[in-house]
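A note on names: the letters A, B, ... follow the listed sequences, proteins ahead of strands, and every chain is numbered from 1.
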Amino acid sequence: MTDSTSRLADFPEIWVYLSGNPLSALFLTLLAYQIGLWCYRKSGQHPFTNPVLIAVLLLAAFLQITGLSYAQYFEGAQFVHFLLGTATVSLAVPIYQGLTAVKGQTLRTLVLLTVALLVGGGLSIASALGTAHLLGANIDIFHSLWAKSVTAPIAMGVSERIGASPTLTALFAIVTGILGAAVGSWLFNAMGMKRWWVRGFTMGLAAHGIGTARAFSVHPEAGRYASLGMGLHGIFGALLIPWIFGFFG
Amino acid sequence: MLKSLTILLAFQALGELLSFAAFPSIPGPVLGLVSLLTYFFIRGGVPADIQTTANVFTANLGLLFVPAAVGVVVFWPVLAEFGFIILLTLLVSVVTTLVGTAFVLDRLAARFMPGEVSETGAANVSGQATEVIRND
C-alpha cells in the first residue's frame with residue numbers, strides 16, 4: 001500500500017524523467033526513420049523521398065514545435081550515433097567484395113579505377129568550391145563542402161578533422177546523393193555511356209550511398225561497382241582530403 | 001552476431017588507437033575499416049558471421065546519421081540565407097563530377113581495355129543493336 005502511494009506521488013517526476021530520457025529520442029528517431037522508409041517504398045524508391053531526409057525534416061519539425069533543444073535530443077539519440085563508427089568499419093566488407101570481383105585484367109582495371117577516383121574526387125571538390133565562391137557562400141559552408149561527395153559517415157569524420165561542421169557536411173552529402181541519383185541515369189544516357197560498370201562506379205563515387213541504391217535498382221553490375229566506388233572514395237577521401245585541405249584551408 | 005560485433009568493435013578501437021597515436025588527421029573508424037580490409041586480404045575472405053553483421057549495418061546506414069543531421073536545426077539562419085546557393089552549388093558539383101568521371105573512365109576503358117564492352121551483360125544488348133544497324 002505504502003509502496004503504490006509513493007509511486008503515485010512520484011508520477012510527475014516520472015514524466016519529467018521520460019521526456020528527458022534517452023528512450024524518447026531513440027524511439028522518435030527510429031519512428032521518423034520508419035516513416036521515411038515507408039514514404040520511400042510507397043513512391044517506388046524515388047530519390048526525392050529519401051528516408052534520411054524525411055526523418056531529419058520530421059525530427060527538426062518536432063524539435064521546433066516542442067521546443068526541445070537539439071542538445072537534449074542528441075543526448076538520447078547518441079546511442080544511434082555511436083554505431084556510426086562501427087558501421088564505417090563494416091564498410092570493409094562491400095569494399096573487399098567489390099575489389100575481389102573486379103572483372104578481367106584486375107590490376108589494369110584497378111589502376112583505371114584509381115585514376116577515375118582521383119579525377120572524380122578532385123572534380124567534386126573543385127567544382128563545389130568554385131561554384132560556392134562565385135555565388136558568395138560563407139566560410140562555414142565553404143569548409144563543409146569539402147567532403148560532401150564522400151559517404152556521409154566518413155564525410156562527417158573528415159569534416160570534424162578539418163574543423164568544418166559535420167552536420168552541414170552530412171546534410172550536403174545527403175542532398176548531393178539525392179541530386180546525383182536523380183540526374184545520373186539521364187546524364188549517362190545523354191552521354192551515350194554503355195558500360196554498366198563505368199556508370200555504376202561513377203554513380204557511387206559522386207553520389208555515394210544514395211547513388212549506389214539507385215545503381216542497384218538499375219542494374220546489378222552497376223550496383224556492385226557503385227558500392228566499390230563509394231567505398232574507395234570513402235577511403236581515399238579520408239586519407240587525402242585532410243592533407244590537401246592543409247595546403248589550402 | 002555477438003562475436004562478429006566484438007570483432008568489429010575491436011577493429012574500431014584499433015582504428016581509434018592508430019588515429020590517436022600515428023595519424024591524427026584521419027578518422028579512427030576509417031583506419032579501422034582499412035585494418036579490417038587488410039585482415040580480409042590476409043585471410044583471403046570474409047568470415048560468414050562478420051558478413052551477416054556488416055550487412056545489417058550497411059543496409060541501415062542511413063538511420064545512423066540521422067541524429068547528427070538533425071543538427072540542421074542549429075543552422076536554420078545559415079540555411080535560410082544561403083539555401084539556394086547551397087542547392088545550386090551541390091547540383092553544379094554533382095553534375096560536373098558525374099559527367100567528368102564517366103567521361104574519363106569510359107575513355108580510359110576504351111583505350112586500355114579493348115574488347116571489354118562485349119563482356120558486359122545488358123550494355124551488350126544496346127551495343128549489338130548499334131552493330132546491326134551499322135551492318136545494314
Side-chain angles (χ1 to χ4, degrees), chain A residues 29 33 51-52 55-56 59-60 63 70 74 77 80-81 83-96 112 116 119-120 123-124 127-128 131-132 135 137 141 152-154 156-157 161 166-167 170-171 175-176 179-180 184 187-188 193-196 198 202 205-206 209 219 238 242, chain B residues 8-9 11-12 15 25-27 29-30 32-34 36-37 40 46 51 54 57-58 61-75 78 82 85-86 88-102 104-106 108-109 112 116-117 119-123 126-127:
Chain A
T29 306
Y33 191 70
V52 180
V56 169
L59 289 164
L63 295 189
Y70 176 60
F74 193 80
V80 172
H81 181 75
L83 290 172
L84 207 48
T86 320
T88 306
V89 173
S90 63
L91 284 176
V93 173
I95 296 174
Y96 176 82
L112 296 194
V119 169
L123 267 178
S124 144
S127 60
T131 314
L135 297 176
I141 297 172
I154 296 180
M156 286 175 6
R161 296 293 153 121
T167 292
L171 181 73
V175 175
T176 295
L179 292 173
L187 282 175
F188 296 148
M193 292 287 140
K194 292 203 171 67
R195 295 175 172 84
W196 285 118
V198 169
T202 304
L205 184 155
H219 193 274
Chain B
L8 288 175
L9 283 169
F11 274 97
Q12 188 181 353
S25 70
I26 304 166
V30 176
L33 187 169
V34 175
L36 185 59
L37 194 58
F40 290 157
V46 180
Q51 174 156 1
F57 277 113
T58 45
L61 202 55
L63 168 70
L64 305 184
F65 52 86
V66 168
V70 173
V72 289
V73 291
V74 180
F75 290 96
V78 179
F82 296 103
I85 290 180
I86 292 170
L88 200 59
T89 300
L90 295 177
L91 183 64
V92 169
S93 180
V94 80
V95 168
T96 312
T97 311
L98 284 168
V99 171
T101 311
V104 169
L105 193 53
D106 201 61
L108 287 173
F112 295 105
E116 165 277 329
V117 174
E119 285 174 29
T120 58
S126 52

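- Proximity of B:F57 to A:L91: side-chain heavy atoms (C-beta onward) are nowhere separated by under 4.5 Å.
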Exercise for review: Test B:V70 against A:F74 for side chain to side chain contact (heavy atoms under 4.5 Å, CB included), laying out the working first.
Suggested key: CA-CA 9 Å; B:V70 173; A:F74 193 80; over 6 Å; no
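- Contacts between B:F65 and chain A at a heavy-atom distance below 4.5 Å involve backbone atoms as well as side-chain atoms.
- Looking only at heavy-atom pairs under 4.5 Å with chain B, the residue among A:A170, A:A238, A:P166, A:G184 that has the most is A:A238.
- Of the two parts of B:V99, the backbone and the side chain both hold a non-hydrogen atom closer than 4.5 Å to a non-hydrogen atom of chain A.
- Interface remark: A:L63 contributes side-chain atoms only to the contact with chain B (heavy atom separation under 4.5 Å).
- For a residue to count as touching a neighbouring chain, one of its non-hydrogen atoms must lie under 4.5 Å from one of that chain's; by this rule A:L171 touches chain B with the side chain only.
- Contact of B:V74 with chain A is made through the side chain alone, with heavy-atom distances under 4.5 Å.
- Take B:L108 and apply the side-chain contact (heavy atoms from CB on, under 4.5 Å) test, not counting sequence neighbours, and it matches A:L112, A:V115, B:V104, B:F112.
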Exercise for review: Starting from the C-alpha separation in whole Å, work towards a yes-or-no answer on side chain to side chain contact (heavy atoms under 4.5 Å, CB included) for A:S127 and B:T97.
Suggested key: CA-CA 8 Å; A:S127 60; B:T97 311; 4.3 Å; yes
Practice item. Let me see the working for A:V93 and B:T58 under side chain to side chain contact (heavy atoms under 4.5 Å, CB included), right down to the final yes or no. Key: CA-CA 9 Å; A:V93 173; B:T58 45; over 6 Å; no
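- Only the side chain of B:V34 comes within contact range of chain A, with at least one heavy atom under 4.5 Å from a heavy atom of that chain.
- Residues satisfying the side-chain contact (heavy atoms from CB on, under 4.5 Å) criterion with A:L135, sequence neighbours excluded, are A:T131, B:I85, B:L88, B:T89.
- The backbone N or O of B:S25 sits nowhere less than 3.5 Å from a side-chain atom of A:R161 that would complete a donor-acceptor pair.
- Put simply, the side chain of A:T167 never gets that close to the backbone of B:V72: no donor and acceptor are under 3.5 Å apart.
- Both the backbone and the side chain of A:Y96 come within less than 4.5 Å of a heavy atom in chain B.
- For the options A:V119, A:T86, A:L205, heavy-atom pairs under 4.5 Å to chain B are most numerous at A:T86.
- Residues A:P153 and B:L64 have side chains not in contact (no heavy-atom distance under 4.5 Å, counting atoms from C-beta outward).
- When side chains are defined from C-beta on, B:L33 counts as touching A:I95, because their heavy atoms get closer than 4.5 Å.
- The contact between A:I141 and chain B is made entirely by side chain atoms (from C-beta outward), counting heavy-atom distances below 4.5 Å.
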